[in-house]
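Below is one structure, written out as structure tokens; comments come after it.
Quick caveat: nothing in here was measured; it's all calculated off a predicted structure. As a basis for the values below, the full set of heavy atoms in this structure was taken, side chains included, without hydrogen atoms, waters or symmetry mates.
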Amino acid sequence: MIIGLVGTIGSGKGVCAEYLVQKGFEYCSLSDEIRAELKSRGMPETRELLTEIGNELRAKFGPAILAERVLSRLVPGKNYVVDSIRNPEEVKALRTREDFVLIRIDAPVQLRFNRIQARARPGDVQTFAQFLAQEKAESESPDPNRQQLQATAEMAEFTVINDSTLEELYRQIDTLLEKINNMKRDKPQINADQSQK
């Protein structure tokens, strides 16, 4: 099974990925492909450069390039969680595998900003206005080679709202995994139009 994660800034994608790893999933991130590129160029790892170089790679090699690179290393029959999916073409590439399911992680905007402030990573925005501007820039673009988080999230089969406790988040993930496993047993592949969100 391949679980893909898409979500807004501060929604808790990383926490979800960590929980899935604890349950035996192997972690992959499309952003790690960009980090490897930055390292090969001797460039620092900042959010701005991750975005810039990611867009550059999509423009040069096609909007699905990051997903295609990750897919080439996934072994059939193993469980993976794939993080940092930000373009619809990445989803389409990952859906060439019948065992792929996309989960959207989200939370109220003020709560997400508070989480960003609390984690205090280098390069994180400092004001709510900056946060909203950054989110808008990453969510929508007429350029098919850039991040299109909103359109990507709309392709998810399932949505998790992470606005409560860790225990509640884990409960939602466990419920989804059981639902996905039941669907796998009942059908040869998931039909996104018939799945429940």
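Residues Lys23 and Asp174 form a side-chain contact, since some pair of their non-hydrogen atoms from C-beta on lies under 4.5 Å apart. Side-chain contact between Val82 and Phe25: absent, with no pair of heavy atoms (C-beta onward) separated by less than 4.5 Å. Side-chain contact between Leu102 and Ile85 is present, with at least one heavy-atom pair separated by less than 4.5 Å. Counting heavy atoms from C-beta on, the side chains of Val109 and Leu132 come closer than 4.5 Å. You'll find the side chain of Gln147 stays beyond 4.5 Å of the side chain of Ser141, heavy atoms only. Considering only heavy atoms from C-beta on, Thr159 comes within 4.5 Å of Ile161 through its side chain. At least one side-chain heavy atom of Lys78 sits less than 4.5 Å from a side-chain heavy atom of Val75. Proximity of Asp83 to Cys28: side-chain heavy atoms (C-beta onward) are nowhere separated by under 4.5 Å.
A distance of 9.0 Å separates CZ of Arg146 from CD of Glu52, quoted to the nearest 0.5 Å. One distance of note links NZ of Lys13 with OG of Ser84; it measures 6.5 Å at 0.5 Å rounding. Atoms CG and CG, from Leu5 and Leu20 in turn, are 6.5 Å apart once rounded to the nearest 0.5 Å. To the nearest 0.5 Å, atom CG of residue Asp99 and atom CG of residue Asn79 are 8.5 Å apart. To the nearest 0.5 Å, the span separating CD1 on Ile103 from CD1 on Ile180 amounts to 4.5 Å. In this structure, CD1 in Ile3 is found 11.0 Å from SG in Cys16, a value given to the nearest 0.5 Å.
Scanning all heavy atoms of the two residues, the minimum distance from Ile9 to Glu135 falls at N-OE1, 3.8 Å. The shortest non-hydrogen separation linking Arg97 to Gly77 is NH2-N, 4.4 Å.
Under the 4.0 Å criterion applied to side-chain N and carboxylate O atoms, Arg41 and Glu37 are assigned as salt-bridge partners. A salt bridge links Glu140 with Lys136; the closest basic N to acidic carboxylate O contact falls under 4.0 Å. One finds a salt bridge joining Arg58 and Glu90 here, because a Lys/Arg side-chain nitrogen approaches an Asp/Glu carboxylate oxygen to under 4.0 Å. Glu157 and Arg95 are joined by a salt bridge, as a carboxylate oxygen and a charged side-chain nitrogen come within less than 4.0 angstrom of each other.
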Go through the steps for Gln134 and Arg47 under the test side chain to side chain contact (heavy atoms under 4.5 Å, CB included), then give the verdict. CA-CA 10 Å; Gln134 182 182 67; Arg47 189 175 189 98; 3.2 Å; yes
The test is side chain to side chain contact (heavy atoms under 4.5 Å, CB included); show your working for Glu26 and Val81 and say whether it passes. CA-CA 6 Å; Glu26 188 170 320; Val81 53; over 6 Å; no
Side chain to side chain contact (heavy atoms under 4.5 Å, CB included) for Glu18 and Val21? Distances and angles first, verdict last. CA-CA 5 Å; Glu18 288 170 8; Val21 168; 5.6 Å; no
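In terms of modelled atom types and a separation under 3.5 Å, the side chain of Ser11 and the main chain of Asp106 share no donor-acceptor contact. A donor-acceptor pair under 3.5 Å is formed between the side chain of Gln148 and the backbone N or O of Asp143.
Figure legend: cation-pi geometry between Arg73 and Tyr80 absent, as NZ or CZ is not positioned both under 6.0 Å from the six-membered ring centre and within 45° of its axis.
The number of heavy atoms from other shown groups lying within 6.0 Å of CD (Gln110) is above 12. Remark: Arg115 CZ is packed, more than 12 non-hydrogen atoms of other residues, nucleotides or ligands lying under 6.0 Å away.
Just one of Asn162, Asp163, Thr8 meets the side chain to side chain donor-acceptor pair (under 3.5 Å) condition when paired with Arg112; it is Thr8.
With 3.5 Å as the limit, one finds a donor-acceptor pair spanning the side chains of Arg86 and Ser31.
The aromatic rings of Phe113 and Phe128 sit perpendicular, their planes meeting at an angle over 60°, well past the 30° parallel limit.
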